[in-house]
Amino acid sequence: MRIPMTVSDFLDRAELGFSSSTGVVDEPDQPAPPVPGLTYGRFAERVRAWQAGFDALGVGEGERVAVVSHNSARMLELLFAVPMSGRICVPVNFRLKPEEIDYVVRQSGASVLLVDPEVDGELSGVKARHRFVLGERTESDLMRFGVEPRPWSRPDEDATATINYTSGTTARPKGVQLTHRNIWVNGLTFGLHTRAWEGDVYMHTLPMFHCNGWGMPYVMAGLGVKQVVLRKVDGAEILRRVAEHGVTLMCGAPAVWNLVLDAAASWQGEIPGRDRVRVVCAGAPPPTRMIQRMDEELGWEFTQIYGLTETSPLLTMNRTRPADAGLPAEERARNLSRAGVPALGVKLKVSGSGEVLARSNVVLDGYWEKPEETAAALEGGWFHTGDGGTIDDSDGSLTISDRKKDVIITGGENVSSIEVEDTIFSHPAVAEVAVIGVPHEKWGETIKALVVLAPGASATEAEIIAYCKERVARYKAPTSVEFRDAIPRTATGKIQKFKLREPYWSGLEREIN
């Protein structure tokens with residue numbers, strides 16, 4: 001017997017086995033009224049109301065529904081409602097500039113656009129055939145309560161469920177097509193490796209637009225786990241909600257846990273969640289010292305994973321093994337700084353050039369309407385991660401050593417260095433520019449621009465940074481600018497960025513912090 005594995009499976013089990021249990025605690029502090037009293041039974045009813053609303057609009061199977069939103073219960077509902085009905089959900093990074101979001105909406109061909117009230121004004125020029133602002137108006141104008149939605153005519157696990165846009169080595173983001181099968185297998189293995197169970201309480205400290213919240217919304221629903229929505233990351237607020245809701249599991253970039261550590265320094269009383277909370281970290285390899293502090297100062301269990309949007313995202317998992325439990329704290333932390341052992345069903349190898357290659361059921365189906373890029377990424381039947389690394393022969397652990405693609409990961413956000421260079425180069429005073437990532441204690445790495453000014457021109461560091469912030473998302477702007485007389489190039493005119501990075505990473509084992 002072969003039954004298609006689809007996103008519906010997770011919510012079907014939640015509604016069947018946990019209908020009266022609290023499913024979602026919505027963010028109380030948001031511009032739209034929070035969705036109250038979300039048991040999994042009520043959550044499923046609202047999902048069907050979304051689907052019936054899309055039916056009434058005439059949005060067919062395979063059509064794209066773009067969502068630009070902070071974390072919210074409505075965002076969570078749409079991650080289920082859209083793909084469960086055979087449509088394709090396009091979660092969009094709300095931090096992008098309007099023109100960048102407009103490109104994503106247009107390139108995906110989205111017929112429906114749903115935006116958070118906080119970004120509605122600045123996105124007024126971003127259009128789709130149907131456009132709604134999330135909140136009470138979507139409940140009255142779009143959702144159809146009490147109406148049974150049209151079922152997906154032919155459920156297919158190989159159908160695209162979501163298109164998640166990621167920044168690569170080009171300025172324009174690429175739409176990663178994740179199938180129902182990708183999401184299903186990722187959820188299954190993520191839940192297994194994090195030891196998720198019905199008694200957990202999960203908090204969304206990770207933006208849901210990031211690879212569908214790493215797929216955790218699905219597996220948490222399938223286990224009937226209470227999900228607490230956090231709209232904006234704040235260290236003290238995370239500690240408070242861990243105490244209030246009994247949170248046991250969270251995911252996020254190193255920058256998130258640095259904020260918690262900072263807040264813990266002035267926290268009154270015992271740190272909540274000690275010996276209970278499990279933290280999953282990815283987005284950039286975390287510093288050993290931060291991992292050690294998580295254990296010693298918070299008493300939270302630290303796990304590192306490695307993956308990409310193109311891999312749904314889970315490729316490796318690194319948690320302290322029983323055999324290592326008795327090691328000194330610093331040594332345990334050092335072991336946890338590695339990416340870890342391949343997750344169940346994942347095969348990894350390192351190419352002759354040092355690039356990490358992966359094979360798994362979680363690897364993307366392709367880049368939306370970009371066949372050449374898809375063929376290059378999947379050449380030889382392996383996904384080319386663009387990251388450099390090594391695999392330990394003794395235990396199979398992967399360590400990410402440098403980055404083949406010129407992508408800077410700052411605070412868990414991917415930034416294309418080429419995109420930032422293009423922006424700075426458009427400044428009339430700039431003759432040459434190279435953008436690199438340099439170490440940063442809080443954000444893992446941050447953006448530095450090396451600039452050569454045009455003859456007779458002048459510009460200050462502050463002017464260049466402000467110029468960028470006016471044209472790209474603020475997190476993509478450099479935090480420092482260094483003016484140089486020239487930028488060294490090879491005989492063929494290429495810039496060797498690894499040489500530019502060397503002085504800033506001197507003394508560190510890897511070119512990623």
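- In plain terms, the two heavy atoms of G125 and D102 that are nearest each other are O-OD1, 4.5 Å.
- Inspection of the Y306 and D387 side chains reveals an N or O donor paired with an N or O acceptor under 3.5 Å.
- Salt-bridge formation is detected for the pair E118/K232: a Lys NZ or Arg NE/NH1/NH2 atom is positioned less than 4.0 Å from an Asp or Glu carboxylate oxygen.
- Side-chain contact between L134 and V115 is absent, with no heavy atoms from C-beta onward closer than 4.5 Å.
- Looking at every heavy atom in both residues, C89 comes nearest to L79 through SG-CD2, 4.2 Å.
- Residues K370 and E372 are not paired through a salt bridge, judged by the lack of any N-O separation under 4.0 Å between the basic side chain and the carboxylate.
- A donor atom on one side chain and an acceptor atom on the other are not found under 3.5 Å apart for T410 and T446.
- Around atom CZ of R240, more than 12 heavy atoms belonging to other residues, nucleotides or ligands sit under 6.0 Å away.
- Under the 6.0 Å distance and 45° angle rule, R87 does not count as a cation-pi partner of F54.
- Minimum heavy-atom separation, L113 to V68: CD1-CG2, 3.9 Å.
- One finds no salt bridge joining E470 and K97 here, because no Lys/Arg side-chain nitrogen approaches an Asp/Glu carboxylate oxygen to under 4.0 Å.
- More than 12 non-hydrogen atoms from other residues, nucleotides or ligands lie less than 6.0 angstrom from CD of E99.
- There is no side-chain donor-acceptor pair under 3.5 Å between N182 and D365.
- Residues R154 and E61 are not paired through a salt bridge, judged by the lack of any N-O separation under 4.0 Å between the basic side chain and the carboxylate.
- Around the CZ atom of F145, the shell of radius 6.0 Å holds more than 12 heavy atoms that belong to other residues, nucleotides or ligands.
- Donor-acceptor pairing under 3.5 Å is recorded for the side chains of S417 and K497.
- The number of heavy-atom neighbours closer than 6.0 Å to CZ of R474, taken from other residues, nucleotides and ligands shown, is 12 or below.
- The ring of F43 has its center closer than 6.0 angstrom to the ring center of F80.
- In this structure, V415 and I447 have side chains that are in contact, with non-hydrogen atoms separated by less than 4.5 Å.
- At a threshold of 4.0 Å, the pair E482-K448 counts as salt-bridged, since one of the basic side-chain nitrogens sits closer than that to a carboxylate oxygen.
- Ion pairing of E27 with R74 is absent here, as no side-chain N (NZ or NE/NH1/NH2) approaches a carboxylate O to less than 4.0 Å.
- Salt bridge D120/R131: present, at least one basic N to carboxylate O contact under 4.0 Å.
- Tested against Q177 for a side chain to side chain donor-acceptor pair (under 3.5 Å), the candidates T162, T160, T374 yield a single pass: T160.
- For H204 and W214, the ring centers are positioned 6.0 Å apart or more.
- Note that R471 lies in the cation-pi zone of Y467, set by a 6.0 Å cut-off to the ring centre and a 45° limit from the axis.
- Just one residue in the list R129, H130, E63 forms a side chain to side chain contact (heavy atoms under 4.5 Å, CB included) with L57, and that residue is H130.
- In this structure, D29 places its CG atom where only 12 or fewer heavy-atom neighbours from other residues, nucleotides or ligands lie under 6.0 Å away.
- The aromatic rings of H180 and W152 sit tilted, their planes meeting at an angle between 30° and 60°.
- Shown here for G252 and L206, the closest heavy-atom pair between the two residues is CA-CD1, 4.3 Å.
- Judged by distance alone, the side chains of E77 and W50 do bring a donor and an acceptor atom under 3.5 Å apart.
- Using a 4.0 Å cut-off between charged nitrogen and carboxylate oxygen, R231 and D26 do not count as a salt-bridge pair.
- Side chains of Q227 and Y40: a donor on one and an acceptor on the other come within 3.5 Å.
- The closest side-chain heavy-atom distance from M250 to V280 is not below 4.5 Å.
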